[in-house]
Chemist: 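Please see the structure below; I have some questions.
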Amino acid sequence: MIPREDLNSRQYEAVTTITGPVLVIAGAGSGKTRTLIYRLAHLIDTGVPPDSILLLTFTRKAAQEMMFRASHLLDDSCQGVVGGTFHAIANMLLRRYGGYLGFQSSFTIIDQADSEGIINLLKSSLGLSGKGKQFPTKRVLRNIISGSVNKSKEIDDLVFEQYGHLSEHIDDIISLQKHYQEFKINHGLMDYDDLLVNWKRLLEDVPEAREEISQRFSHIMVDEYQDTNLIQADIITLMARSHKNVMVVGDDSQSIYSFRGADFYNIMRFPKVFDNTRIIKLEENYRSTQPILKLTNDIIRNASEKYTKRLYSNIEGELRPAVYGGVDEQNEAAFVVNKIKSLHEDGMALEDIAVLFRSGFHSYKLEVALTSAGFDFEKRGGLKLTESAHIKDVLAFLRVVVNPGDTLSWNRIFLQIDKVGPKTAQKITTVIATKDDPFAELACYKPGASWSEGFKKLITLMKELQETGPPASLFELIMCYYEPLFESIYRDDYPRRKRELEQLKGIMASYDSLQAFIDDTTLDPPESEISPQAVKERLILSTIHSAKGLEWDVVFVVGLAEGRFPHIAAMGNQREEERRLFYVAATRAKKELYLCYPKEMIGSDRRFMRVGKSPFLQELNRELYRELGGEKYSGNRYRLAKEQESGNDISFAGKTGRRVKLSISDFTVGTKVNHPFFGEGEVKKIKKPSTLDIHFCRHGLKTLHLNYAKLTILS
DNA sequence: AAGTGCCAAATTTTT
DNA sequence: TTTGGCACTT
């Protein structure tokens, strides 16, 4: 039996006494996932076979976390429980039942970049490229095309309201969309949306499959229900229709994936879809101290649309959250590094600290500062290993072996050959890929004189690859061919990429089915770091999106500046979503919360510009936080931090290396200098350790630090 | 017509 | 760090 003494009465009720549909609406840190896991335990205790229980979540991280916590609480009894993201489950089911829908025996799942690639390809072949101004941007187009899946009646609104000037292109857009769908079907490709659409189609159109699947999963539980889109909600409804053993858990204030079609109204609809739904509200917060909770409640207070929950906490603590305004990004980073240093010295484990930010690149400055201060960290969000060009190159070989109709991968392979450009590659691709046996076709293809040698090598490789062995040996074969090409393509950072390929080899070695490997690398791309479990004692840097559902003792949120957070282009509903994003970030903190922003940033025009604190910070009640900075950190301590930093890391001050390092004695009042951003200026004042006041013709008076500013002396 | 090389520009979030 | 455009070469 599983101990359940830490459940409150309502959670206990949800877990044990309720059968049939349950909707749990719960605030941040109220033990949503825990309730799910206890229910899982309860089901297993009462004799439900583990492998007939389906646990669904939205993100990979959440799925991993959930399964980890389940295994932690249930030990071996959770073996066989099926858990994962919607897409991973969809893939599993479609591989098994896809025949009912007339799928070819092999299909390849493609990622966002691939579908954009197809769109571009079609655009040019349909004569729609060029003069791009009137045609939708990549992102708009993507929304139109993928949006058609979830809310097709809104396409017209989207195009006409927001992009009214596109109305003359509506036929082009529709034909592009049609071609895109055809292209995918003809080449055995499926994107993320297709997985769900086909899953739903299977459940709707094929009664025997629906029956079998419903019986296979007699109990369904969904975490983060506010992140599901309409199709996913429909799938849940269809799957649970016969037994109604479904429990969903969500928090409307944490809905941050609407850009993907997630719709938190699904929560409100749930009781209407399932009769006799029991609704349970969990309002006690078990995560954060009262002062942090007060602030986070204040963040969401200003939301224009919300379902009021009054969160309360019984966790003691007096420390109010802190707001720190740095003079610039370096200073902001220095503050975070200093604070982490002192926390760590006081005995706080690094893995209990996290730094969160809006976008992947907001942490660049901090990453440099942390590295030079000797901290090891793990970055989450941003580029994944499988998204980099060299990995995709290698994967392309494997993908054509699995799915010979995969035009995109063929194209990628041909492009690697010297003297073959986009046109030639496409020509070969169109000739061979539509045939029944592209490999045989390839062997007969007559290459041009200038690149016949490389092409012959490719043919040899492809022959060898077809005599399939285990994935690891395929990798060896590919590398024999690819490595020489690879060295010449990526001369600059050859070693780093080489290391990543080694990593890929390690991952492949653990698979014995090539198909499984290909699917996993698309649905569940490995992080670029090696064995995340092995290294524990590490600080986490993460985008807020990837931090969802997790918690740390101490949380820093950086980059809370005007124009950066909320994102500059976010208006209306999107802006509300940014606010919820901020809410999610702040509610990750258990004991201490620091909100930081730089007062000066480098704008897109490569000039410094002053920015204020984020509007979300401005509207907060002043009494709920402490304001740090001013005296304490802009003074000595700040300079100290900067000097330590630059002392450890010369490359930061003069990355180019050719710049002679100037010392304070090289300057006198009146020295004319040049600065890469500010232009020409004149030294006005020399301050203590190595700081100069310089008047710039175009930007006025600036205080610059010698170790940082890339100054050259003009006279 | 295709391929190469260089410089400039931009870079939200994720299944 | 990767992509796009432009001029130049094959």
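Because only heavy atoms are used, hydrogens play no part in the values below, and waters and symmetry mates are left out as well, while side chains stay in. Residue numbers start from 1 in every chain, and the chains themselves are labelled A, B, ... in the order their sequence lines are given, proteins ahead of strands.
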Chemist: Can you see if the side chain of Ser450(A) gets near the phosphate of dG3(B) - specifically, an N or O under 4.0 Å from OP1 or OP2?
Modeler: no
Chemist: Please enumerate all residues that pass side-chain contact (heavy atoms from CB on, under 4.5 Å) together with Glu551(A), with sequence neighbours excluded.
Modeler: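 Counting only residues at least two positions away or on another chain, Glu551(A) forms a side-chain contact (heavy atoms from CB on, under 4.5 Å) with Arg287(A), Lys590(A).
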Chemist: Would you mind reading off the distance between Arg580(A) atom CZ and dT14(B) atom P, rounded to a whole angstrom?
Modeler: 17 Å
Chemist: Could I get the full list of side chain to side chain donor-acceptor pair (under 3.5 Å) partners for Lys200(A), not counting sequence neighbours?
Modeler: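 Result, side chain to side chain donor-acceptor pair (under 3.5 Å) vs Lys200(A): Asp234(A).
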Chemist: In this structure, how many angstroms lie between the P atom of dT15(B) and the CD atom of Glu224(A), rounded?
Modeler: 12 Å
Chemist: State which of dT15(B), dG3(B), dT12(B) makes the closest approach to the side chain of Glu578(A).
Modeler: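 Within the option list, the nearest is dT12(B).
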Chemist: Test your reading of the model: is there a side-chain donor-acceptor pair from Asp406(A) to the backbone of Arg399(A), 3.5 Å cut-off?
Modeler: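 Checking the backbone N and O of Arg399(A) against the side chain of Asp406(A), no donor-acceptor pair under 3.5 Å is found.
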Chemist: Please check the phosphate of dT14(B) (OP1 and OP2 only) for any side-chain N or O of Thr543(A) closer than 4.0 Å.
Modeler: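 Indeed, a polar side-chain atom of Thr543(A) lies that close.
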Chemist: Could you pick out which residue, Ala88(A) or Arg358(A), lies toward the 5' side of DNA chain B when each is mapped onto its nearest nucleotide?
Modeler: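 Nearer the 5' end of the strand: Arg358(A).
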Chemist: Phe58(A) near the nucleic acid: base, sugar-phosphate alone, or nothing, with a heavy-atom cut-off under 4.0 Å?
Modeler: sugar-phosphate
Chemist: Need to verify one output field. Residue with the more 5' nearest nucleotide on DNA chain B, Thr424(A) or Phe86(A)?
Modeler: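 Result of the comparison: Thr424(A).
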Chemist: Between dT4(B), dT14(B), dT11(B), which nucleotide gets closest to the side-chain atoms of Lys419(A)?
Modeler: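 Looking only at side-chain atoms, Lys419(A) lies closest to dT4(B).
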Chemist: Does Arg588(A) reach the main-chain N or O of Val584(A) with its side chain, forming a donor-acceptor pair under 3.5 Å?
Modeler: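 It does hold such a pair.
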